[in-house]
Amino acid sequence: MSTKSTILRSLLISGSSLLSFCVVWEIIASANLIPNFPGALKTFQELIWWISDPFFDNGPNDLGIGFNLLISLRRVLIGYTLAMVVAIPVGLFVGVSKTVKSSVDPYVQLLKPVSPLAWLPIGLFVFRNSEVTGIFVIFITSIWPTLINTAIGVQSVDSDVLKVAKSLGASKTNTITKVILPAVMPNILAGMRISMGTAWLVIVAAEMLLGTGIGYFIWNEWNNLYVANIFVAIIIIGITGYVLDQIFEILQLRFNYDS
């Protein structure tokens, strides 16, 4: 089967399943099985309204969906970037050095299982600023997947390759930058992809208490008891998350040396 036929078949299956889901959704709403539950048509009408003018500004509690999305993305990108600046080099050193691993591992095992929202009151207490707190929560929760994946990748590098590099007189720094780092790029990108998914997941929950962003938009619409707009936000969040994930999938394919 050709690639074009495969893509067409996938699109048909996806489109059919989505249409079926929307039909069932509309039937449930029309039958009033759940009181005041918005149907698919109502939700998509609201979606069109919000994306037709996404950047209006009528005050802090009345921003367009585009502004709220950009606020969330800004927090995610800042916190995520800071986490990667820490996670990748620390992961490399953890994988290379048993001493560093024994020093860092207890902190990883202690902090990794902590719920992201547990850091929210700590951030608010320490920083006294909702913006910095959001970035902090993203940083502390997205650092672990990349750090762990990087360390595992380093430990899986063929020992014969390292021996050859050493026999050729490569310094520790050159071995890391010229041999180990290129070899573990697929692992790093896999960790970065998971970290980005975690960051995007966490910011929505955190923003319900931070006052702005797509998470706060959901909370505000819940307070207004307008459920259709909550579904609008869920659709926007899902599409944005999918786009972010696809960016990392493309990067992973670029650095997949087996292909």
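All figures in this text were calculated on a predicted structure; none of them were measured in a lab.
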Exercise for review: Kindly check if the number of other-residue, nucleotide or ligand heavy atoms within 6.0 Å of CH2 (W219) is above 12?
Suggested key: no

**Study point:** Any side-chain heavy-atom pair of V227 and N36 under 4.5 Å
**Key:** no

Review point. Is there a donor-acceptor pair closer than 3.5 Å between any side-chain N or O of S97 and the backbone N or O of V94?
Key: no

**Study point:** Qualifying residues under ring pair (Phe, Tyr, Trp, His ring centres under 6.0 Å), relative to F127, sequence neighbours excluded
**Key:** F136

**Study point:** Same cluster (ILVMFWY, side-chain, under 4.5 Å), L111 and I194
**Key:** no

Exercise for review: To the nearest 0.5 angstrom, please state how far the CD1 atom of I27 sits from the SG atom of C22.
Suggested key: 11.5 Å

Exercise for review: Return yes if a side-chain donor-acceptor contact under 3.5 Å exists between E249 and Q246, otherwise no.
Suggested key: yes

Exercise for review: Would you check if the side chain of N229 reaches a backbone N or O of V232 as a donor-acceptor pair within less than 3.5 Å?
Suggested key: no

Exercise for review: Using the test side chain to side chain donor-acceptor pair (under 3.5 Å), find all partners of D245 that sit at least two apart in sequence or belong to another chain.
Suggested key: R193

Practice item. Starting at CZ of F21, measure out to OG of S16 and round the result to the nearest 0.5 Å. Key: 15.0 Å

Check your understanding: Are any of the side-chain heavy atoms of Q155 and V184 separated by less than 4.5 Å?
Key -> no

Exercise for review: Report whether I71 and L201 are members of the same hydrophobic cluster (ILVMFWY, side-chain heavy atoms less than 4.5 Å apart, transitive linking).
Suggested key: no

Check your understanding: Do L147 and V114 share a hydrophobic cluster (ILVMFWY, side-chain heavy atoms under 4.5 Å, transitive)?
Key -> yes

Check your understanding: Rounded to the nearest 0.5 Å, what separation is found between the CD1 atom of I148 and the CD1 atom of I143?
Key -> 10.0 Å

Review point. Side chains of T212 and E207: donor-acceptor distance under 3.5 Å anywhere?
Key: no

Practice item. For residues I203 and W200, report the shortest heavy-atom separation together with the two atoms involved. Key: CG2-O, 3.4 Å

Review point. Is the backbone of I214 close enough, under 3.5 Å, to the side chain of S72 for a donor and an acceptor to pair up by distance?
Key: yes

Review point. Taking atom types as modelled, is there a side-chain donor on S142 or T198 under 3.5 Å from an acceptor on the other?
Key: no

Review point. Between F55 and L70, is any pair of side-chain heavy atoms under 4.5 Å apart?
Key: yes

Review point. Between I218 and I237, is any pair of side-chain heavy atoms under 4.5 Å apart?
Key: yes

Review point. Quick one: does L210's side chain get under 4.5 Å of L124's, heavy atoms only?
Key: yes

Exercise for review: For W222, look at atom CH2 and say whether over 12 heavy atoms of other residues, nucleotides or ligands are found less than 6.0 Å away.
Suggested key: no

Review point. Rest of the hydrophobic cluster containing L12 (Ile/Leu/Val/Met/Phe/Trp/Tyr, side-chain heavy atoms under 4.5 Å)?
Key: L8

Review point. Between the side chain of S156 and the main-chain N/O of G153, is any donor-acceptor distance below 3.5 Å?
Key: yes

Revision key, fill the gap. Residue set satisfying side-chain contact (heavy atoms from CB on, under 4.5 Å) with I51, at least two apart, ordered chain then number -> L47, I236

Let me have the donor-acceptor pairs involving side chains of residues 77-88, under 3.5 Å, with sequence neighbours excluded, atom names and distances please.
{"unit_1": "Y80", "atom_1": "OH", "unit_2": "M192", "atom_2": "O", "d": "3.0"}
{"unit_1": "T81", "atom_1": "OG1", "unit_2": "L77", "atom_2": "O", "d": "2.6"}

Practice item. Answer yes or no: is there a side-chain heavy-atom contact under 4.5 Å between I188 and N149? Key: no

Review point. Between F231 and F37, does the ring centroid distance fall short of 6.0 Å?
Key: yes

Review point. What pairs with N220 under side-chain contact (heavy atoms from CB on, under 4.5 Å), at least two apart in sequence or on another chain?
Key: Y216, N224

Check your understanding: What is the minimum heavy-atom distance between S103 and P106, and which atoms define it?
Key -> O-CD, 3.6 Å

Point to revise | Any side-chain heavy-atom pair of V154 and F93 under 4.5 Å | key: no

**Study point:** Pairing of R74 and E131 as salt bridge, 4.0 angstrom limit
**Key:** yes

Review point. In terms of hydrophobic clusters joined by side-chain contacts under 4.5 Å, are L41 and I235 together?
Key: no

Check your understanding: Do Y226 and E46 come close enough that some side-chain heavy atom pair is under 4.5 Å?
Key -> yes

Check your understanding: Any link between Y242 and I250 through a network of hydrophobic side chains (Ile, Leu, Val, Met, Phe, Trp, Tyr) touching at under 4.5 Å?
Key -> no

Check your understanding: Quick one: CG on N68 to CG on D62, what's the gap to the nearest 0.5 Å?
Key -> 9.5 Å

Check your understanding: Atom OG1 in T141, atom CG in L120: separation rounded to 0.5 Å?
Key -> 10.5 Å

Point to revise | Flag if over 12 foreign heavy atoms under 6.0 Å of CZ, F67 | key: yes

Check your understanding: Atom NZ in K112, atom CD1 in I140: separation rounded to 0.5 Å?
Key -> 13.5 Å

Point to revise | Over all atoms of both residues, closest heavy-atom pair of T150 and T146 | key: OG1-O, 2.7 Å

Practice item. Determine whether the aromatic ring centres of W50 and F217 lie less than 6.0 Å apart. Key: yes

